[in-house]
Amino acid sequence: MRLVTVGVAGSFPGPSSPASTYLLQAHDGERDWNVVLDLGNGGLGALQRHVDPLDLDAVALSHLHPDHCADLSGLYVYLRYHPTSGATRTGTGRRLPVLGPAGTEERAAAMYGLQPGESMAGEYDVRAWQAGSPVRVGPFELEPFSVFHPVEAYGLRVTGPSSVRPGERATLVYSGDTDLCDGLVAGARGADLFLCEAAFQEGRDDDVEPGVHLTGRRAGEAAARADVRRLLLTHIASWSDPQVPLAEAREVYDGPVELAVADGVHEL
Ligand SMILES: [Zn+2]
Ligand SMILES: [Zn+2]
């Protein structure tokens with residue numbers, strides 16, 4: 001399977017990247033499958049460089065902060081009003097599964113400003129995560145696990161057909177937004193690729209209460225404790241120098257560490 005890091009900016013879009021938006025692609029022997037992990041501010045635009053939004057098979061949201069879900073509004077417009085394939089044109093309304101925390105449907109409706117009596121049910125099939133209960137989407141299996149953030153938030157453990165080890169399955173773990181916690185380490189155990197946020201810096205952000213974000217060092221600690229094969233740091237805001245969390249992670253994790261960049265492609 002292939003991970004495209006469509007948007008990697010932390011907390012808000014940056015000058016060279018949308019906010020958190022990650023595309024997973026795999027072929028199951030019959031067709032290509034496309035799943036988006038988070039759809040933050042600006043992500044829908046850049047996503048179209050890689051896939052037609054009509055060809056998405058699911059949107060999987062880690063939590064409901066805007067930098068992870070804001071472009072649900074734009075995607076709703078695309079699915080509803082597309083001139084030839086929109087739900088209002090075809091009347092068929094292929095409903096896109098949207099997996100997220102409790103309240104996802106209400107949040108999407110509020111962001112868009114739906115009028116009373118209106119609904120997104122013709123376009124979105126919204127389903128709530130249950131921690132530990134995997135959801136199947138074509139060749140992918142997505143298992144949410146609870147993480148440590150100020151709102152209901154999940155990390156996602158995703159397995160799918162490996163594109164570098166034919167016949168085997170590969171594991172991507174996405175941290176979502178979280179501070180260091182045992183659930184994150186358990187969820188990331190043995191991952192081929194650990195896509196992990198590193199929004200904070202040691203020293204600079206020490207006075208923020210626990211339970212918000214990882215530093216590069218804490219991301220590296222989670223990677224080391226979980227014994228992952230590769231660490232990919234993301235969710236770094238434009239006010240930060242990405243070399244700082246990168247260096248922090250390398251002090252405590254011996255495996256390969258990289259910074260996620262917009263439109264980066266990773267086969268696993
Ligand atoms: Zn965030
Ligand atoms: Zn958040």
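Please read all numbers here as calculations on a predicted model, not as lab measurements. Here, residue 1 is the first one in the sequence, and each next residue gets the next number.
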Show the nearest heavy-atom pair for residues [X] and [Y], with the distance to one decimal.
{"X": "Cys196", "Y": "Leu214", "answer": "SG-CD1, 3.3 Å"}
{"X": "Ser163", "Y": "Glu267", "answer": "OG-OE1, 2.7 Å"}
{"X": "Met111", "Y": "Ser73", "answer": "CB-OG, 3.6 Å"}
{"X": "Asp263", "Y": "Arg49", "answer": "OD2-NH2, 2.7 Å"}
{"X": "Pro245", "Y": "Ile236", "answer": "CG-CD1, 3.8 Å"}
{"X": "Leu231", "Y": "Gly220", "answer": "CD2-CA, 4.1 Å"}

Could you go through Asp32 and Gln25, starting from their C-alpha distance and side-chain angles, then the distance that decides it, and tell me whether this counts as side chain to side chain contact (heavy atoms under 4.5 Å, CB included)? CA-CA 7 Å; Asp32 293 320; Gln25 300 180 300; over 6 Å; no
Within 6.0 Å of [atom1] in [X], more than 12 heavy atoms from elsewhere:
{"X": "Arg2", "atom1": "CZ", "result": "no"}
{"X": "Glu30", "atom1": "CD", "result": "no"}
{"X": "Asp182", "atom1": "CG", "result": "no"}

Check whether [X] reaches the backbone of [Y] with its side chain - one donor and one acceptor, N or O, closer than 3.5 Å.
{"X": "Asn41", "Y": "Pro13", "value": "no"}
{"X": "Arg250", "Y": "Asp254", "value": "no"}
{"X": "Arg157", "Y": "Pro134", "value": "no"}
{"X": "Asp179", "Y": "Gly211", "value": "yes"}
{"X": "Ser62", "Y": "Gly155", "value": "no"}
{"X": "Ser240", "Y": "Pro242", "value": "no"}
{"X": "Ser17", "Y": "Val8", "value": "yes"}

Which value, rounded to the nearest 0.5 Å, describes the distance between [X] atom [atom1] and [Y] atom [atom2]?
{"X": "Arg225", "Y": "Arg189", "atom1": "CZ", "atom2": "CZ", "answer": "8.5 Å"}
{"X": "Asp227", "Y": "Tyr253", "atom1": "CG", "atom2": "OH", "answer": "7.5 Å"}
{"X": "Leu246", "Y": "Glu251", "atom1": "CG", "atom2": "CD", "answer": "10.5 Å"}
{"X": "Glu152", "Y": "Ser146", "atom1": "CD", "atom2": "OG", "answer": "7.5 Å"}
{"X": "Tyr124", "Y": "Arg127", "atom1": "OH", "atom2": "CZ", "answer": "14.5 Å"}
{"X": "Leu44", "Y": "Tyr78", "atom1": "CG", "atom2": "OH", "answer": "8.0 Å"}

Is there a continuous path of hydrophobic side-chain contacts, each under 4.5 Å between heavy atoms, that joins [X] to [Y]?
{"X": "Leu195", "Y": "Val147", "answer": "no"}
{"X": "Phe200", "Y": "Val252", "answer": "no"}
{"X": "Leu79", "Y": "Leu47", "answer": "yes"}
{"X": "Val6", "Y": "Leu56", "answer": "yes"}
{"X": "Val59", "Y": "Val137", "answer": "no"}

How about [X] and [Y]: do any of their side-chain heavy atoms sit closer than 4.5 Å?
{"X": "Phe148", "Y": "Leu184", "result": "no"}
{"X": "Leu259", "Y": "Gln243", "result": "yes"}
{"X": "Leu232", "Y": "Leu3", "result": "yes"}
{"X": "Leu268", "Y": "Met1", "result": "yes"}
{"X": "Tyr174", "Y": "Val158", "result": "no"}
{"X": "Val36", "Y": "Thr21", "result": "yes"}
{"X": "Leu172", "Y": "Asp192", "result": "no"}
{"X": "Ser238", "Y": "Phe12", "result": "yes"}

Residues forming a side-chain hydrogen bond (donor to acceptor under 3.5 Å, both in side chains) with Thr234, sequence neighbours excluded: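 Counting only residues at least two positions away or on another chain, Thr234 forms a side-chain hydrogen bond (donor to acceptor under 3.5 Å, both in side chains) with Tyr22.
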Side chain to side chain contact (heavy atoms under 4.5 Å, CB included) between Trp129 and Leu156, intermediate numbers included: CA-CA 10 Å; Trp129 293 123; Leu156 298 173; 3.5 Å; yes
In a table with atom names and distances, give each donor-acceptor pair under 3.5 Å that connects a side chain of residues 99-107 to protein atoms at least two apart or in another chain.
from   : atom 1 : to     : atom 2 : distance (Å)
Thr104 : OG1    : Pro101 : O      : 2.6
Arg107 : NH1    : Leu64  : O      : 2.6

When you check the side-chain N and O atoms of [X] and [Y], is any donor under 3.5 Å from an acceptor?
{"X": "His149", "Y": "His65", "answer": "yes"}
{"X": "Asp177", "Y": "His63", "answer": "yes"}
{"X": "Glu202", "Y": "Thr215", "answer": "yes"}
{"X": "His50", "Y": "Asn34", "answer": "no"}
{"X": "Ser175", "Y": "Glu197", "answer": "no"}

Decide side chain to side chain contact (heavy atoms under 4.5 Å, CB included) for Leu61 and His68; before the verdict, give the C-alpha distance in whole Å, the side-chain angles of both, and the deciding distance to 0.1 Å. CA-CA 7 Å; Leu61 302 175; His68 298 257; 5.8 Å; no
Which residues pass the salt bridge (charged side-chain N to carboxylate O under 4.0 Å, His left out) test with Arg204, sequence neighbours left out?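 Scan of Arg204 (salt bridge (charged side-chain N to carboxylate O under 4.0 Å, His left out), adjacent residues dropped) gives none.
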Which of parallel (below 30°), tilted (30 to 60°) and perpendicular (above 60°) describes Tyr81 and Tyr76?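 The rings of Tyr81 and Tyr76 stand perpendicular, inter-plane angle above 60°.
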Please step through side chain to side chain contact (heavy atoms under 4.5 Å, CB included) for the pair Leu72 and Met120, ending with a clear verdict. CA-CA 11 Å; Leu72 278 180; Met120 294 181 168; over 6 Å; no
